[in-house]
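In what follows, a structure is listed as structure tokens, so that the remarks can point back to it.
Both backbone and side-chain heavy atoms feed into the values below; hydrogens, waters and symmetry mates do not.
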Protein chains: 2
Amino acid sequence: MQQDLKSEITKQTILNESFKLFYENGFKTTSVDKIMKATKLTKGAFYHHYKNKKELGLAVISLKLEKRVCEGMILPLYTSGNPLEILEATFLERLKSFPIYDKQHGCPMNNFINEIGDLEIAYQIALRNIIEDWKAALILLIERGKSENTINKNISSNAVAVYLISAFEGIRGIRKLYDNDDILEEYIAGLSLYLKQLKA
Amino acid sequence: MQQDLKSEITKQTILNESFKLFYENGFKTTSVDKIMKATKLTKGAFYHHYKNKKELGLAVISLKLEKRVCEGMILPLYTSGNPLEILEATFLERLKSFPIYDKQHGCPMNNFINEIGDLEIAYQIALRNIIEDWKAALILLIERGKSENTINKNISSNAVAVYLISAFEGIRGIRKLYDNDDILEEYIAGLSLYLKQLKA
DNA sequence: TAAAAAACATACCAACTAGTATTTTTTCAT
DNA sequence: ATGAAAAAATACTAGTTGGTATGTTTTTTA
């Protein structure tokens with residue numbers, strides 16, 4: 001196989017298996033050995049492509065987590081239509097689309113935030129970037145709602161964006177503790193109510 | 001020293017040092033060795049008082065985390081006065097009272113939830129109990145507000161309680177990523193707005 | 001006060017950890 | 001085709017992990 005293609009495939013394989021194992025078992029407690037066993041490659045391959053585990057962690061954050069949040073929570077915001085309806089649809093459809101697996105293991109990004117958000121500045125910055133992107137997209141949509149007179153102009157777009165993100169990430173963690181969706185339904189009711197109250 | 005007193009002090013010492021180290025470095029990555037080095041006792045003492053690390057984890061959850069949430073977030077709810085004001089005061093004062101240390105490391109319970117909420121049923125149940133206690137207390141207060149005509153009777157108390165808890169735990173994690181309180185201020189603005197909208 | 005029991009210390013284990021050093025295999029450029 | 005370079009495999013290190021086995025010290029009970 002062509003060398004640069006082969007290299008890229010190996011790096012992607014490591015990235016994919018890492019993401020999966022980090023998601024299921026956490027970052028710190030997933031060893032390089034376990035990851036390479038999953039890829040069916042060896043340690044030699046790993047340390048040829050990544051300087052160390054920290055570099056892998058940063059790659060997973062900026063390449064896998066970022067993409068996931070972007071596709072699931074940010075891009076859907078850039079739709080035409082009523083901003084409040086877009087907000088509700090985005091958050092709701094995201095939750096409803098999760099298989100049990102994703103409900104049991106929570107939000108990959110939130111897991112990282114809580115596990116290593118206070119470990120190293122590099123992780124902090126990488127994770128913060130995702131939150132900031134998400135927040136910016138929400139603010140943009142809320143501002144559009146204000147300008148189109150569908151959202152109350154007296155509310156703070158920043159405050160609403162942060163409150164929306166907080167509640168979503170919070171419930172993704174709390175849902176881990178349950179074996180059914182009741183708590184999610186209550187969250188959804190809370191969200192709907194919240195959004196209704198933002199109407200112009 | 002008296003035997004049962006000595007035993008109790010040792011257990012408490014282990015519990016206290018464990019809580020601190022779990023909070024700072026996580027549950028899975030804090031070893032029994034590190035804990036016992038912190039207590040200035042030895043492994044022999046540990047395994048005399050605790051069957052294994054899992055039993056210690058459960059003890060920390062039910063004895064340390066439960067107490068913390070109860071004192072900081074539940075008991076303040078049982079005050080006389082306007083329920084909405086009590087809600088705002090409780091959440092706000094809790095956040096304002098945190099030293100930098102607590103802001104950097106997030107919520108001890110939320111850290112546990114996200115790290116081991118999907119690891120074992122025993123952890124799940126122990127953590128869920130705390131959330132359920134908190135939720136029940138919030139619902140009780142909201143219901144009082146409804147009966148006293150200070151809170152809108154058309155909203156779901158359960159939904160509001162869950163949304164309040166979710167947002168609070170969410171922001172406790174997200175705050176880890178920043179080196180100032182701006183994001184907390186935005187959360188607080190979001191919370192105030194939210195509570196205002198619940199008025200009767 | 002002596003023996004039993006509880007509290008704690010010491011020494012050890014096999015499995016696992018991140019990372020390195022060295023060798024073999026595959027691809028590339030000439 | 002051949003030598004260089006990239007990709008990957010193998011073998012290793014020193015330190016850490018949860019837990020056990022076996023001591024020693026302290027307290028209690030009779």
Phosphate-side-chain proximity, A/His49 and D/dA6, N/O vs OP1/OP2 below 4.0 Å: no
Please determine whether a side-chain nitrogen or oxygen atom of B/Lys34 lies at a distance below 4.0 Å from atom OP1 or OP2 of D/dT16. no
Would you indicate what A/Ser31 reaches in the nucleic acid, counting non-hydrogen atoms under 4.0 angstrom: base, sugar-phosphate, or nothing? sugar-phosphate
Is it the case that B/Thr39 and B/Glu17 place a side-chain donor and acceptor less than 3.5 Å from each other? no
Atom CD1 of B/Ile9 and atom C1' of C/dA6: how far apart are they, to the nearest Å? 15 Å
If you check every side-chain atom of A/Lys6, which of C/dC8, C/dA6, C/dT26 has the closest atom? C/dT26
If each of B/Leu41 and A/Lys28 is mapped to the nucleotide of DNA chain C with the nearest heavy atom, which maps nearer the 5' terminus, i.e. the 5' end? B/Leu41
Can you work out whether B/Tyr47 or B/Asp4 has the more 5'-proximal nearest nucleotide on DNA chain D? B/Tyr47
A/Glu8 CD to D/dA7 C1', in whole Å, measures 14 Å
Nearest-neighbour nucleotide for the B/Asn52 side chain, C/dT17, C/dC8, D/dG19 considered: D/dG19
Between CE of B/Met36 and P of C/dA9 the distance, given in whole Å, is 7 Å
Identify whether any heavy atom of A/Lys43 sits under 4.0 Å from a base atom; if not, whether one sits that close to sugar-phosphate; answer base, sugar-phosphate or nothing. base
Rounding to a whole Å, what distance do you find between B/Leu5:CG and C/dA6:C1'? 14 Å
Only one of B/Lys176, B/Arg94, B/Lys96, B/Arg68 forms a salt bridge (Lys or Arg N to Asp or Glu O under 4.0 Å) with B/Asp102, so which one is it? B/Arg68
Whole-Å gap separating P (D/dA7) and NZ (A/Lys40): 23 Å
Using a heavy-atom cut-off of 4.0 Å across all strands, would you classify B/Phe46 as base, sugar-phosphate, or nothing? nothing
Whole-Å gap separating P (C/dA15) and NZ (A/Lys37): 12 Å
Classify the ring geometry of A/Phe22 against A/Phe112: parallel below 30°, tilted from 30° to 60°, perpendicular beyond 60°. perpendicular
State whether B/Ser7 places a side-chain N or O below 4.0 Å from either non-bridging phosphate oxygen (OP1 or OP2) of C/dA7. yes
DNA chain D nearest-nucleotide lookup for B/Met1 and B/Val32: closer to the 5′ end is B/Val32
Any A/Thr10 side-chain N or O less than 4.0 Å from OP1/OP2 of D/dA7: no
Check whether the side chains of A/Lys64 and A/Asn16 place a donor and an acceptor atom closer than 3.5 Å, and report yes or no. yes
Looking at C/dG19, C/dC28, D/dA7, which one has an atom nearest to any side-chain atom of A/Lys53? C/dG19
Scan side-chain atoms only and decide if B/Asn129 and B/Asp133 contain a donor-acceptor pair under the 3.5 Å cut-off. no
Using the six-membered ring wherever Trp is involved, compare the ring planes of A/Phe168 and A/Phe91 and label them parallel, tilted or perpendicular (cut-offs 30° and 60°). perpendicular
Between D/dG18, C/dC8, D/dT10, which one does the side chain of B/Asp33 approach most closely? D/dG18
Within the 4.0 Å heavy-atom criterion, would you say A/Lys11 contacts the bases, only the backbone, or no part of the nucleic acid? nothing
With heavy atoms under 4.0 Å as the rule, sort A/Lys51 into base, sugar-phosphate or nothing. nothing
Does A/Thr39 reach a base, just sugar-phosphate, or nothing at all? Heavy atoms under 4.0 Å. nothing
Taking OP1 and OP2 of C/dA7, is either one under 4.0 Å from a side-chain nitrogen or oxygen of B/His48? yes
